[in-house]
Structure formats: structure tokens, C-alpha cells
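These notes concern the structure reproduced below.
Every number for a ligand or one of its atoms is a count from 1 in the order of the listing. The shown structure was predicted, so the numbers you read here are calculated from the model rather than taken from an experiment.
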Amino acid sequence: MPGATFSRRLVTAAFAERLLGWFDRHGRHDLPWQHPRSPYRVWVSEIMLQQTQVSTVIPYFQRFMDRFSALEDLAAAQSDAVLSLWTGLGYYARARNLHLAARRMVIEGVPETLEGWAALPGVGPSTAAAIVAQAFDRRAVILDGNVKRVLSRHGAVDTPVEAAAAQRRLWALADERTPDDRAADYTQAIMDLGATLCRRGQPLCDYCPVATDCRAYAQGRVAELPVKRRRKARPTRRRVLLWLEDEAGNLFLEKRPPTGIWGGLASLPECATAEGIDERLAGLALDRHDDWRDMGGFRHAFSHFELEASLVAASVVPRGVAESQGEWHGLDALAASHPPVGLPGPVARVIRERAGLLSATQDAGRRDD
Ligand code: SF4
């Protein structure tokens with residue numbers, strides 16, 4: 001439809017020109033994955049940035065690149081080494097998929113198209129577009145959380161963003177505004193706008209380069225948008241975690257199943273109730289030689305439930321071959337910045353606290369699964 005194309009160009013020119021002008025002066029040009037902006041580095045950064053803020057990602061990205069500076073290094077790594085560098089970053093399925101995708105790419109080659117990237121594990125349509133735009137400077141339309149917020153407000157989309165109709169509308173708005181040129185800069189620019197001005201709380205509309213035609217701003221509805229579906233209260237799941245030390249002070253950790261919550265990570269053995277802890281210990285072929293001691297606990301929010309964990313400790317002696325995949329680790333090694341295994345964030349915090357590196361067990365206060 002020639003009319004539609006013409007109007008798309010008008011929207012594109014107006015929106016993208018103002019946004020790029022602002023980006024040139026105020027955007028983020030010194031992020032570690034921008035120098036150099038190789039497909040490998042952009043891909044790793046985009047996976048880390050899913051559900052996670054730039055400031056959190058930067059030290060993780062730098063440590064990851066120090067250890068795995070090339071795709072081949074990552075593909076050849078043991079999964080414990082990859083998960084260890086992800087400890088505390090959350091959403092561990094991302095690390096498992098990253099590792100799988102690296103192994104696939106060393107065999108099949110690094111994709112250059114949207115379809116090729118989107119076919120890799122852990123890469124959705126928006127992530128694939130962000131990689132293609134930034135790594136190859138080719139036009140591709142992104143719609144991540146920041147962009148959804150900007151466009152819901154700029155276009156006054158007043159249906160819940162999770163609804164299929166809103167998603168279609170937002171993809172259309174994103175497409176209309178994405179220019180043909182400067183793909184990498186535009187992609188960074190709209191992400192920066194969402195992160196720095198069009199923020200979730202207290203957006204800075206007075207400084208916004210696209211405020212003049214922002215419908216939410218004109219209608220005084222910025223605080224109402226984007227519309228979120230009312231969340232059901234998350235159920236609480238209670239667990240007892242066992243802190244088991246041998247005579248030398250080594251800690252017993254179990255490898256969790258490869259998928260699901262904290263999949264593939266090493267963690268403290270857990271029980272549904274305190275009544276089951278001695279039976280659990282027997283299953284691990286460990287004998288206890290003092291009373292259980294209360295170690296407090298923590299709460300941790302996952303996307304679909306709250307974990308309320310209480311910790312009990314005991315000194316134990318191995319009796320023989322354990323039924324589970326357990327391993328003993330020195331506390332200092334586990335508390336180091338590169339532990340020998342990947343650990344769930346809250347468990348890593350308890351370990352650091354016990355090793356004297358943290359003052360108190362704190363609620364992790366973030367979601368991961
Ligand atoms: S004017 Fe405000 S609400 Fe509209 S896009 Fe800019 S920062 Fe967001």
C-alpha cells in the first residue's frame with residue numbers, strides 16, 4: 001500500500017531522527033560490548049541483558065570475556081565453568097542455552113540473518129533482531145522490555161502489554177519507527193531512551209527527544225502506561241536446606257537436575273519439611289555426629305513462586321558411596337569470585353557470609369529461575 005509506506009516513512013523520519021540526534025549527544029557509547037562490537041560479544045551481552053539491567057551485566061560480561069574471549073573457548077568449556085561465571089546473574093537457563101548455542105555455532109557457523117539467530121537456543125525474535133542490528137548494522141526491529149514501555153507510552157497503547165493484540169500493535173509501532181539506516185545506533189538509542197528517560201518510575205519527559213508527539217505525555221497518562229495485567233499473588237514454597245560440613249570444614253553440595261529451577265547448578269541438599277531431614281541424610285550416605293543447628297534462612301522471588309528457605313547445619317561423616325551426585329568443596333573456593341561450580345545466587349550469598357565475606361544473609365530480592 002503506497003499510502004501506508006509513505007506514512008511509515010514520515011513517522012520513521014520524525015521519530016528516528018530526533019532519537020538519533022539525542023543518542024549522539026546523550027546515548028551510551030562506551031558499553032564494553034560496543035568495543036569491539038563483534039557478533040560473539042553482542043550475542044553474549046544480549047543474552048545477559050535479558051531481564052537484567054546494564055549496570056548489573058557489565059562486571060559479569062567482563063569476567064565472561066576474560067575467561068571466554070572467543071566463541072571456540074566457550075564451546076569447549078565445561079558447563080560448571082560457564083555456570084560458575086553466571087552465579088548471581090539469575091535465569092540460569094540463559095547460561096545453559098548460551099553454551100548449547102556456542103557448541104552449535106562452532107559446527108554450523110555464526111548466523112548472519114534474523115532467522116539464523118532466532119533458530120538458536122535462548123534467542124527470541126527481539127534478541128535476534130538486536131544482535132543483527134548491532135553486530136551487522138542491518139535494519140531489524142526490536143521489542144524488548146524497555147522498547148515496549150517507550151512505545152506503549154508514545155503510542156498510548158492501553159491494553160495490557162502481555163495481550164496478543166497489544167503485542168501485534170507494539171511490533172507494528174516498532175516497525176514503523178525503525179529507520180533503514182544506522183541500525184546499530186538506532187537499536188542502542190531506543191534501548192537507552194527506555195533505560196534512562198522513559199523509565200518505569202519517574203520518567204524524565206522534559207528531556208525526551210520524542211515528547212512532542214508522545215500521546216501518553218499529551219494525555220497526562222504516562223504513569224498509567226504500559227498497562228500491566230494484574231498478577232496473581234505468588235504462592236510460597238517452603239524448603240529446608242541442609243548445610244553439611246565434614247571434619248575438615250568442607251561443604252557438601254549436590255548437582256541439581258539439568259533443567260528446571262537452578263538447573264545444572266550445585267546447591268545445598270533440600271527437603272520439603274524438617275521432618276524429612278534425617279531420612280534425606282541417610283539417602284546421601286552421611287552420618288550426623290552432632291545436633292542440627294538453626295542457621296536462619298532467606299526468601300527469594302522466582303517468577304511464579306516465592307521460596308522461603310530455612311537452613312539447618314550439622315557436622316557429618318561420609319559413610320560410603322552417596323546415591324546422589326554430591327561433591328565436597330572448601331568454603332574459601334566456593335566463596336571466591338570464580339567458584340569451581342555454578343551456585344544459585346542466594347546460596348552463594350550464604351556461603352560468602354559463612355566465609356566471612358558478607359555481614360549478614362540478605363534476601364536476594366531478585367527473580368531468577
Ligand atoms: S515523553 Fe515521556 S512517556 Fe513519552 S516517550 Fe518520552 S519519556 Fe516516555
Heavy-atom nearest pair, Arg182 first then Asp185, reads NH2-OD2, 2.8 Å
Below 2.8 Å of atom 4 (Fe) of ligand 1, tally up the protein N/O/S atoms for me.
-> 1
How about Trp262 and Phe302: are their ring centroids closer than 6.0 Å?
-> yes
Pair Phe61 and Phe64, ring centroids less than 6.0 Å apart | no
Heavy-atom distance under 4.5 Å between the side chains of Pro125 and Trp171, does that happen here?
-> yes
For residues His29 and Phe23, establish whether the separation of their ring centroids is below 6.0 Å.
-> yes
side-chain hydrogen bond (donor to acceptor under 3.5 Å, both in side chains) between Asn146 and Arg149, worked out | CA-CA 5 Å; Asn146 277 331; Arg149 187 167 58 254; 2.6 Å; yes
